[in-house]
Amino acid sequence: MPATEIQVTTAGTVAGKSLLIPTGQHGPTLPHVQDWVTAKLKAKQPVKDVSNTVLVKGIKQWSAYEEKAGGKKVLTVFKIT
C-alpha cells in the first residue's frame with residue numbers, strides 16, 4: 001500500500017488523542033511505509049509507532065512515527081492510500 005508523507009499541525013486533543021490537521025504539503029511517496037521504517041532502523045535511528053495516540057482530520061488511514069532528533073521528538077505522519 002503506497003504511503004505519502006504529509007505535513008501536519010497539532011490542533012489539541014480529542015478523546016485523549018492528539019488531533020492533527022494536514023497542512024496540504026506532501027512529501028515523498030513510498031511503495032510501503034515499512035520501507036521508511038527499515039531505512040531508519042538500518043541508519044540506527046529508532047522510531048516508535050504512535051499511530052494509536054493520534055487522529056488525523058480528513059484522512060481515513062494513516063501511520064504516525066516518533067523519533068528523537070537532537071533533544072526534540074519529531075513526528076512523521078504518512079497517508080496510506
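Computed from a predicted structure; not experimentally measured. For reference, positions follow the sequence shown, starting with 1.
Under the 4.5 Å side-chain contact rule for hydrophobic residues, Val33 and Leu41 share a cluster. Two different hydrophobic clusters hold Ile21 and Leu55 under the rule that ILVMFWY side chains link at heavy-atom gaps under 4.5 Å. When the side chains of ILVMFWY residues are joined at heavy-atom separations under 4.5 Å, either directly or via intervening members, Trp62 and Ile80 end up in two distinct hydrophobic clusters. Connection of Val77 to Val50 is established within a shared hydrophobic cluster, with ILVMFWY side chains joined at heavy-atom distances below 4.5 Å, either directly or through further cluster members. Val47 and Leu75 end up in different hydrophobic clusters when Ile, Leu, Val, Met, Phe, Trp and Tyr side chains are linked at under 4.5 Å.
Heavy atoms only, all atoms of each residue included: Met1 and Thr81 are closest at CB-O, 3.9 Å. Closest of all the heavy-atom pairs between Ser63 and Ser51 is CA-OG, 3.3 Å. Taking both residues in full, the closest heavy atoms of Val54 and Ala64 are given as CG2-CB, 3.8 Å, listed atom of the first, atom of the second, then distance.
For Thr38 (side chain) and Asp35 (main-chain N/O), no donor-acceptor pair under 3.5 Å exists by modelled atom type. Remark: the backbone N or O of Lys17 is not paired with any side-chain donor or acceptor of Thr53 at under 3.5 angstrom. Judged by distance alone, with hydrogens and angles left aside, the side-chain atoms of Thr13 form no donor-acceptor pair with the main-chain N or O of Ser18 at under 3.5 Å.
Residue Glu5 holds its CD atom at 11.0 Å from CD of Gln25, rounded to the nearest 0.5 Å. Here CG of Leu19 is found 8.5 Å from OG1 of Thr10. Values are rounded to the nearest 0.5 Å. Atom NZ of Lys48 sits about 6.0 Å away from atom CD of Glu66, to the nearest 0.5 Å.
Residues Leu30 and Pro2 are not in side-chain contact: their nearest non-hydrogen atoms beyond the backbone lie 4.5 Å or more apart.
For the residue pair Thr23/Thr9, the side-chain donor-acceptor check at 3.5 Å is not satisfied.
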Please assess Ile6 against Ile59 for the test side chain to side chain contact (heavy atoms under 4.5 Å, CB included), listing each intermediate value before the final yes or no.
CA-CA 11 Å; Ile6 59 173; Ile59 297 178; 3.4 Å; yes

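Within the 6.0 Å centre-distance limit, the rings of Trp36 and Phe78 are counted as a close aromatic pair.
A salt bridge does not link Lys73 to Glu67: none of the charged side-chain nitrogens sits closer than 4.0 Å to a carboxylate oxygen.
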